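Remarks on the structure that follows.
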Amino acid sequence: MMLLHIEEHLFILTILSGLLLAINGQVTNISQEDGGMKIPLYIGGLLPFSGGWDGSGLVPGIDFALEQINAREDLLAEYDLRIVWNDTQCSPGLSSRVFFDQIYREPQKIMILGGGCSVGSEAIASTAHYWNLISVSPTSSSPALSNRVKYPLFYRTQTTEHSLNPARVAIMKEFGWTRVATIHENYELFSLTVDDLVSELKEANITLITSESFVDNPKNQIENLKKQDAKIIIALMYADQAQKVFCEASKLNMTGEGYVWMLVGWYNNKWWEVDFGPLECTKEELTEAVGRSNYFGIRSQGLSSTDEIAIGGVTASGFDEYVRYQLDNNPKYSRLTFTSEHPFGYDTVWAIALALNESIDILKSTTFLDGRMRRLEDYTYDDKEMMMVLYKSLSEVLFLGVTGPVSFEKGDRVGITIIRQLREDLLEHKIGDFNPAHVQDPLRWTRDIMWPDRKKDQSRG
């Protein structure tokens with residue numbers, strides 16, 4: 001396993017003045033100052049800066065990781081690590097298009113950071129292996145991406161969405177809910193998660209009264225939830241569709257007392273205020289509907305809850321403060337949107353850098369079929385032997401990141417589940433966590449549930 005010395009103090013670094021960020025709908029390019037005599041190594045950055053989910057808030061943390069890495073003398077000492085960005089807009093078609101743009105345009109990329117949305121990652125990872133390109137996503141959680149036959153070179157620093165199901169079931173058992181309904185957007189990310197959830201519910205003797213899916217208009221499905229007298233509802237979808245779901249649910253008085261909603265927990269703050277397009281509710285009506293609802297957000301742990309010094313010499317809280325400060329005060333980030341997923345971007349860059357660094361010595365001692373030695377800058381898209389060296393190094397990465405311990409098992413990350421609840425300030429606050437490593441008592445509450453009596457009518461199934 002590979003471990004680097006963790007610095008005891010936070011690097012005092014300034015943002016490179018030559019960094020230019022321009023978001024113009026489809027393409028985001030970042031150019032960095034020349035790294036002096038260092039050899040540049042390029043990562044292809046493919047994230048959504050618009051569309052169903054805005055991941056632009058990952059950029060300050062990613063930039064910070066690059067600056068720390070490039071400033072170190074004990075890590076990629078001969079190299080300057082850089083990223084060339086494209087906006088995938090959370091679209092599988094556009095993700096494929098910009099991926100091909102990345103590989104057919106100079107400079108040569110040695111790895112891909114992305115995609116952000118699972119549908120984008122699926123489009124990229126199903127193709128990238130033909131060019132011997134490893135892709136590492138900071139925020140893709142679809143269970144489909146665990147398929148090593150279809151996505152053999154895919155890694156992620158976010159846990160899978162279906163790994164959150166034990167937490168969902170534990171919450172239901174905790175409150176004595178015995179009947180539940182689901183509604184999900186018709187993407188593999190959500191449908192496969194629901195498939196897995198069905199098995200978990202059956203094992204826990206919890207009745208699934210109906211499971212609804214929709215493509216773009218959830219009106220009929222919400223009406224069916226009402227007919228089935230669904231009170232505990234697990235809703236899995238992107239934020240733009242969640243707006244439609246809550247709009248339709250509010251018309252049927254399904255967002256107030258007596259109803260509990262479990263949503264994905266990785267929406268941006270106040271997601272209901274984002275303009276995704278026409279709705280049959282006003283923004284005021286939607287805000288009221290969401291604000292009066294009892295809803296949990298279930299997600300994998302982002303920021304670590306400990307004060308341990310992570311790689312790069314930062315604590316999780318210190319890193320969070322840094323990113324928030326940059327987004328609020330640095331003009332070059334003024335058009336970016338904060339996302340609670342930002343720690344995963346930082347840890348993803350470190351994972352890539354550590355793997356590349358470990359590969360340097362392996363390449364020196366490896367005999368290739370053509371008899372030539374390799375260096376990192378010699379990588380090409382038709383060099384499968386060199387890709388295997390990078391693949392092995394990434395598989396063995398182990399370090400303490402700002403999201404906790406980072407390692408991979410067949411490309412997947414295993415971590416802690418965070419439970420959040422919407423409060424009166426219309427922000428989600430952490431109220432508990434679920435840690436599968438704690439076999440006897442994996443569900444732990446860190447704050448009281450918002451309603452006074454958890455076992456009253458609104459808690460029934």
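Note that this is a predicted model, so its numbers are computed, not measured. Numbers here are sequence positions counted from 1.
- Using a 4.5 Å heavy-atom cutoff, the side chains of Asp63 and Val349 are not in contact.
- Using a 4.5 Å heavy-atom threshold, the side chains of Thr348 and Ile352 count as touching.
- Contact annotation: the side chain of Asp216 approaches that of Lys244 to within less than 4.5 Å [non-hydrogen atoms, C-beta and beyond].
- Residues Trp53 and Phe276 place their aromatic rings such that the two centres sit no closer than 6.0 Å.
- Panel note: side chain Glu341, backbone Thr139; no donor-acceptor pair is recorded below 3.5 Å.
- Looking only at side-chain heavy atoms (C-beta outward), Leu189 and His184 stay at 4.5 Å or farther from each other.
- Checked against the 6.0 Å centroid threshold, Tyr391 and Tyr155 count as a close aromatic pair.
- In terms of modelled atom types and a separation under 3.5 Å, the side chain of Asn435 and the main chain of Ile416 share no donor-acceptor contact.
- Evaluated for a side-chain hydrogen bond (donor to acceptor under 3.5 Å, both in side chains) with Glu161, the options Ser140, Ser300, Ser142, Ser141 yield exactly one hit, Ser141.
- Side-chain polar atoms of Glu428 and Tyr267 form no donor-acceptor pair below 3.5 angstrom.
- Enclosure of atom NZ in Lys392 is not indicated, since only 12 or fewer non-hydrogen atoms of other residues, nucleotides or ligands lie within 6.0 angstrom.
- Counting heavy atoms from C-beta on, the side chains of Ser121 and Leu145 come closer than 4.5 Å.
- Checked against the 6.0 Å centroid threshold, Trp350 and Phe64 do not count as a close aromatic pair.
- With respect to Asp74 and Arg72, a salt bridge is recorded, a charged nitrogen being found less than 4.0 Å from a carboxylate O.
- A salt bridge links Arg375 and Glu78; the closest N-O separation between the charged side-chain nitrogens and carboxylate oxygens is under 4.0 Å.
- For the pair Tyr322 and Tyr346, the minimum side-chain heavy-atom distance is 4.5 Å or more.
- Arg105 CZ: 12 or fewer foreign heavy atoms inside a 6.0 Å radius.
- When the options Thr159, Asp347, Thr157, Thr403 are evaluated for a side-chain hydrogen bond (donor to acceptor under 3.5 Å, both in side chains) with Arg413, the one that passes is Thr403.
- Here the side chain of Asn165 pairs a donor or acceptor atom with the backbone of Thr193 at under 3.5 angstrom.
- One finds a salt bridge joining Asp320 and Arg324 here, because a Lys/Arg side-chain nitrogen approaches an Asp/Glu carboxylate oxygen to under 4.0 Å.
- Ser56 places a side-chain N or O within donor-acceptor distance of the main-chain N or O of Thr337, the cut-off being under 3.5 Å.
- Side-chain atoms of Gln243 do not come within 3.5 Å of backbone N or O of Leu286 as any donor-acceptor pair.
- Under the 4.0 Å criterion applied to side-chain N and carboxylate O atoms, Arg156 and Glu122 are not assigned as salt-bridge partners.
- Between Asp383 and Arg374, at least one side-chain nitrogen of the basic residue sits less than 4.0 Å from a carboxylate oxygen of the acidic one, meeting the salt-bridge criterion.
- Put simply, the side chain of Asn132 reaches to within 4.5 Å of the side chain of Tyr379, judged on heavy atoms.
- Taking 4.0 Å as the cut-off between side-chain N and carboxylate O, Asp441 and Arg444 do not count as a salt-bridged pair.
- In plain terms, the two heavy atoms of Thr380 and Gln108 that are nearest each other are CA-NE2, 3.7 Å.
- Within the 3.5 Å criterion, the main-chain N or O of Thr88 finds no donor-acceptor partner in the side chain of Ser91.
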- request: Dump the intermediate steps for ring pair (Phe, Tyr, Trp, His ring centres under 6.0 Å) on Phe100 and Trp131, then the final yes or no.
  value: CA-CA 10 Å; Phe100 286 118; Trp131 279 266; 5.6 Å; yes
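- The neighbour count for Tyr325 OH, taken as heavy atoms of other residues, nucleotides or ligands under 6.0 Å away, does not exceed 12.
- A distance-only check finds a donor-acceptor pair linking the side chain of Asp87 to the backbone of Phe49 [under 3.5 Å].
- With hydrogens and angles ignored, the 3.5 Å screen pairs no side-chain donor or acceptor of Ser135 with any backbone N or O of Ile112.
- Between Ser393 and Leu356, the closest side-chain pair of non-hydrogen atoms is not below 4.5 Å.
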